[in-house]
2 protein chains.
Amino acid sequence: MTDSPATPRRRGAARTEELLQATLDLAAEAGYAGLSIEAVSRRAGVGKHTIYRRWPSMPALLLDALNRAWTSDLDYRDTGDVRADLREQFLRSGLALSSPPIGPVYRAVIAEAQADSALRATVHERFLATVEQSTLDRITRAQRTGELVAEVNLEFAAEVLCGALYYRSLLSTRPIDEDAVDGLLDMFMAAYGTGG
Amino acid sequence: MTDSPATPRRRGAARTEELLQATLDLAAEAGYAGLSIEAVSRRAGVGKHTIYRRWPSMPALLLDALNRAWTSDLDYRDTGDVRADLREQFLRSGLALSSPPIGPVYRAVIAEAQADSALRATVHERFLATVEQSTLDRITRAQRTGELVAEVNLEFAAEVLCGALYYRSLLSTRPIDEDAVDGLLDMFMAAYGTGG
DNA sequence: TGTCAACGGCACGACCGGTGCCGTTAGGGT
DNA sequence: ACCCTAACGGCACCGGTCGTGCCGTTGACA
């Protein structure tokens with residue numbers, strides 16, 4: 001075969017990166033359906049062993065791929081206006097959750113997690129709980145600056161805010177648009193805002 | 001073979017009921033994993049054709065099974081105390097969602113729906129939107145009786161309430177216990193309650 | 001009593017998961 | 001510069017499911 005210089009044939013650990021990228025590419029093209037270890041191995045021109053040597057199962061590979069795709073954008077800005085910061089972050093997250101490659105991969109992980117409670121715990125810990133905590137940090141800061149009422153436990157509020165987003169993007173068919181985010185924030189600010 | 005009188009061998013349309021029940025039984029025993037058309041056919045002592053003649057795919061069968069299991073309990077009570085009524089209904093729904101057979105079947109449907117947007121729309125329309133509407137009806141009634149502030153669009157609030165429940169039961173690993181429901185209702189009543 | 005559709009059983013091809021084997025190759029150690 | 005070893009790609013295999021086709025049987029209704 002013509003050994004094209006662009007593909008130096010094989011590697012050791014950099015192959016891991018290539019496999020994650022191949023998974024994301026495949027997800028972006030074929031969606032959740034067609035995401036399989038066989039498909040990834042074919043797509044990457046790789047023996048299945050090369051994948052199984054790195055990840056014990058498809059969900060493990062998907063988790064790492066998701067982690068790679070979800071570069072930054074996890075932290076809220078802090079402009080001093082908590083409602084504006086939440087709004088911006090929710091719209092950004094909503095867009096990411098509904099676009100490839102994050103959307104299809106997230107769906108695939110959620111689907112697999114329905115059959116495996118251990119995986120469900122891992123997903124929640126590694127992604128959902130992280131987002132909840134980040135949200136809780138931001139609104140707790142707003143509580144300290146007086147934007148939100150004091151003496152209220154905001155833990156459930158953070159979960160409800162995130163839950164509404166993920167419910168809409170993963171279980172509903174409606175988009176996370178400005179109306180939805182504004183409606184959600186209306187309720188949140190009506191409950192805990194200090195009027196201002 | 002000994003033709004036991006308890007099993008009169010075959011039927012025409014009542015077989016559909018038996019198949020739905022077999023699906024629910026199987027879900028209660030084996031959980032989502034192991035829910036397959038082959039498994040249902042074995043469990044019911046039935047040829048696969050008998051299933052495919054009634055439902056085009058596994059998700060279709062699951063939807064009907066879910067519909068059968070979800071007998072009533074869909075409507076809120078109306079005692080005049082909206083918070084108490086919501087609380088009772090949320091706890092009841094949370095229990096149903098986390099117990100067999102509804103829990104496993106619901107998980108299976110959600111998993112399949114991640115790969116099929118048409119199915120996702122059907123699930124949302126047939127179950128989620130129904131629950132949202134029922135919730136909206138109840139809180140709109142409370143709005144008219146003065147328990148909730150007027151001149152506020154409660155559509156998003158109904159979705160947020162339901163979204164929080166389904167997020168917790170399907171995507172999170174935390175139980176829908178009294179603390180969770182009370183936290184959710186604290187936020188809702190703080191936002192839209194009339195103080196009382 | 002006869003007819004016909006529904007039925008249970010079986011087999012098939014296609015696909016995927018996960019494992020084993022085999023000959024090749026890249027990269028680190030000497 | 002060489003060699004040795006582990007990673008690699010390719011292939012075959014087994015067990016499982018999906019969806020379909022074909023068979024002979026059976027039950028319900030005319």
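Below, chains carry the letters A, B, ... as their sequence lines are ordered, and counting in each starts from 1.
Taking only side-chain nitrogens and oxygens, A:R53 comes nearer than 4.0 Å to OP1 or OP2 of D:dC8. Close to D:dA6, at under 4.0 Å from its OP1 or OP2, lies no side-chain N or O of A:R15. For A:T50, a side-chain nitrogen or oxygen approaches OP1 or OP2 of D:dG9 to under 4.0 Å.
Side-chain atoms of A:D25 and A:Q21 form a donor-acceptor pair, as typed in the model, at a separation below 3.5 Å. Side-chain contact, A:R54 with A:T16: a donor N or O sits under 3.5 Å from an acceptor N or O.
Minimum atom distance to the side chain of A:H49 is reached by C:dT19, of the listed C:dG9, C:dT19, D:dC8. Of all nucleotides listed (C:dC7, C:dG17, D:dG19), C:dG17 comes nearest to the side chain of A:Y52.
Counting to the nearest Å, the P atom of D:dA12 and the NZ atom of A:K48 are 12 Å from each other. Summarising the geometry, the separation between CD1 on B:I51 and P on D:dT20 is reported as 13 Å, rounded to the nearest angstrom. Rounding to whole angstrom units, CG of residue B:L19 and P of C:dA6 are separated by 14 Å. For A:W55 and C:dG18, the CH2 to C1' distance is 16 Å, given to the nearest whole Å.
Taking 4.0 Å as the cut-off between side-chain N and carboxylate O, A:D186 and A:R83 count as a salt-bridged pair. Salt bridge A:E147/A:R141: absent, no basic N to carboxylate O contact under 4.0 Å. Contact check on A:R126 versus A:D64 returns a salt bridge, with a Lys/Arg side-chain nitrogen under 4.0 Å from an Asp/Glu carboxylate oxygen.
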For residues 154-162 of chain A, run the donor-acceptor check on the side chains, cut-off 3.5 Å, and write out each pair with its distance to 0.1 Å, sequence neighbours left out.
unit_1: A:E159; atom_1: OE1; unit_2: B:R168; atom_2: NH2; d: 2.9
unit_1: A:E159; atom_1: OE1; unit_2: B:R174; atom_2: NH1; d: 2.8
unit_1: A:E159; atom_1: OE2; unit_2: B:R168; atom_2: NE; d: 2.7

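Near DNA chain C, meaning a heavy atom under 4.0 Å from it, residues 33-47 of chain B has B:G45, B:V46, B:G47 in order of number.
When each of A:L63, A:L35, A:T122 is paired with A:V109, the side-chain contact (heavy atoms from CB on, under 4.5 Å) condition holds for A:L63 and for no other.
Aromatic ring pairs are classed by plane angle as parallel below 30°, tilted from 30° to 60° and perpendicular above 60°; the pair B:H124 and A:Y167 is tilted.
Around the CZ atom of B:R77, the shell of radius 6.0 Å holds no more than 12 heavy atoms that belong to other residues, nucleotides or ligands.
Five base pairs at each end of the helix from C:dT1-D:dA30 to C:dT30-D:dA1 define two local axes, and these are offset by 20° (rounded to 10°).
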